[in-house]
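The figures here come from the full heavy-atom set of this structure, side chains too, leaving out hydrogens, waters and symmetry mates.
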Amino acid sequence: MRNEVTDKTAERAHRRMPAVEIWGDANALYLSANVPGLAATSTRVTIEDGILTVRGRVQQPEPAGAVTECARRFALRDPARYDTAQISANLRHGVLQGSGSPSEQLLSRATFR
Amino acid sequence: MLVQVRPAHPSAQIADLERAIDGLFQRVLRSQSPVFSRGHSPFALARDADGVTLRAEIPGVEPDAIDIRVEGRKLAMHAERKPEAREGAVQLVRERAYGRIAHALQLSDDLTRTRDRREPQRSAHRAHTQARPGQAAADRRRGRLRLCAARDMHQRRAHHHAQRSDR
């Protein structure tokens, strides 16, 4: 379980890289990310090609209309354990919390709405 | 958390505030995780025609749990971010910081507190602290923190005393 996830976030100048925490047990992975200012409608939590991705857009107050992309990517050692249909996520007080449950189903994509 | 400070005379007061905020940036950046600090500051200062606006981001703290108070010339913010309990789970990545959060700003002499407000916006915690030159009327919005110029307050007090002595 200790090597279950590996940070694969590529640093880019225009990106914010939110601090995250990930836990795992026999039943699920749990993720919390500091994403203050993130718009819920733009937030995506996906597992594709073995990569767990958290991505969203933060509207900046200055200059008007400026948007900063916010993203983290983690490689899963055993992605087949997780079913994206079982991914849940919520955004509360600037913290995104998501969890994915193990499944034998094919991994595709989950969208946070 | 959004804190707006609008001094009566922007030039000297903005300079004082900017110096205080520079120090605040350094303290906060040192206390944040390296990942979160990379390319982003949780505090931002913006200037407009009326004054300055300080925006602070404190994710993971209930708005009502953020204590904002003005004591003398000091605007102090206190909060505590508590670790999440995950019984039976193994922690694989740990980057978020926990514990007490305390920030303080030194205000100029002619700013004082009348009311406060905390509100969540887009999942960030924001609060307003305002002082507008020449504005004496109370802001009726719930829990709003407003800072008025002392000169205005003195004028109001002088006006109040004048009214009382007229009775």
Side-chain angles (χ1 to χ4, degrees), chain A residues 1-7 9 11-43 52 54 56-64 66 68-72 74 76-77 90-97 99, chain B residues 1-4 28-29 31-48 52-66 79-98 101 118-126 128:
Chain A
M1 182 54 87
R2 287 286 176 190
N3 299 321
E4 188 68 22
V5 297
T6 305
D7 190 359
T9 310
E11 187 174 358
R12 289 164 58 180
H14 66 281
R15 270 190 180 170
R16 283 176 56 176
M17 300 169 63
V20 306
E21 285 186 342
I22 300 177
W23 298 263
D25 61 20
N27 300 314
L29 276 183
Y30 308 94
L31 177 144
S32 294
N34 287 347
V35 286
L38 200 68
T41 52
S42 75
T43 305
L52 167 65
V54 179
R57 307 182 84 190
V58 178
Q59 192 80 38
Q60 301 295 338
E62 295 291 339
T68 299
E69 188 180 352
C70 168
R72 293 299 302 270
F74 295 92
L76 302 179
R77 186 183 61 176
N90 69 79
L91 197 54
R92 180 176 168 78
H93 301 317
V95 177
L96 175 70
Q97 293 186 312
S99 63
Chain B
M1 171 182 302
L2 176 67
V3 178
Q4 291 183 327
V28 170
L29 290 176
S31 67
Q32 294 289 328
S33 83
V35 171
F36 185 74
S37 302
R38 197 177 298 159
H40 172 72
S41 166
F43 287 82
L45 181 67
R47 191 190 308 214
D48 58 28
V52 293
T53 298
L54 171 67
R55 183 184 300 273
E57 297 176 341
I58 309 179
V61 180
E62 297 273 348
D64 288 343
I66 301 173
E80 182 174 3
R81 187 182 290 120
K82 297 176 180 175
E84 299 171 32
R86 298 280 180 185
E87 212 164 292
V90 177
Q91 187 155 33
L92 306 170
V93 177
R94 178 172 181 169
E95 297 171 349
R96 300 172 65 213
Y98 293 103
I101 302 165
R118 278 152 248 176
E119 62 172 345
Q121 289 181 6
R122 272 198 167 184
S123 304
H125 299 166
R126 301 163 189 212
H128 288 262

Working for side chain to side chain contact (heavy atoms under 4.5 Å, CB included), residues A/Arg72 and B/Glu95: CA-CA 12 Å; A/Arg72 293 299 302 270; B/Glu95 297 171 349; 2.7 Å; yes
Derivation and outcome, side chain to side chain contact (heavy atoms under 4.5 Å, CB included), residues A/Leu31 and B/Val93: CA-CA 9 Å; A/Leu31 177 144; B/Val93 177; over 6 Å; no
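- Counting all heavy atoms, side chain and backbone alike, A/Gly24 lies closest to B/Leu92 at N-CD1, 3.9 Å.
- The OG atom of A/Ser32 sits 5.0 Å away from atom CZ of B/Arg96, with the distance rounded to the nearest 0.5 Å.
- Checking B/Tyr98 against A/Glu21 by side-chain atom types alone, a donor-acceptor pair falls below 3.5 Å.
- Proximity to chain A involves both the backbone and the side chain of B/Arg94, based on heavy atoms less than 4.5 angstrom apart.
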Criterion side chain to side chain contact (heavy atoms under 4.5 Å, CB included) on B/Val90 and A/Trp23, from CA distance to verdict: CA-CA 5 Å; B/Val90 177; A/Trp23 298 263; over 6 Å; no
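- To the nearest 0.5 Å, atoms CG (A/Asp25) and CD (B/Glu87) are separated by 11.0 Å.
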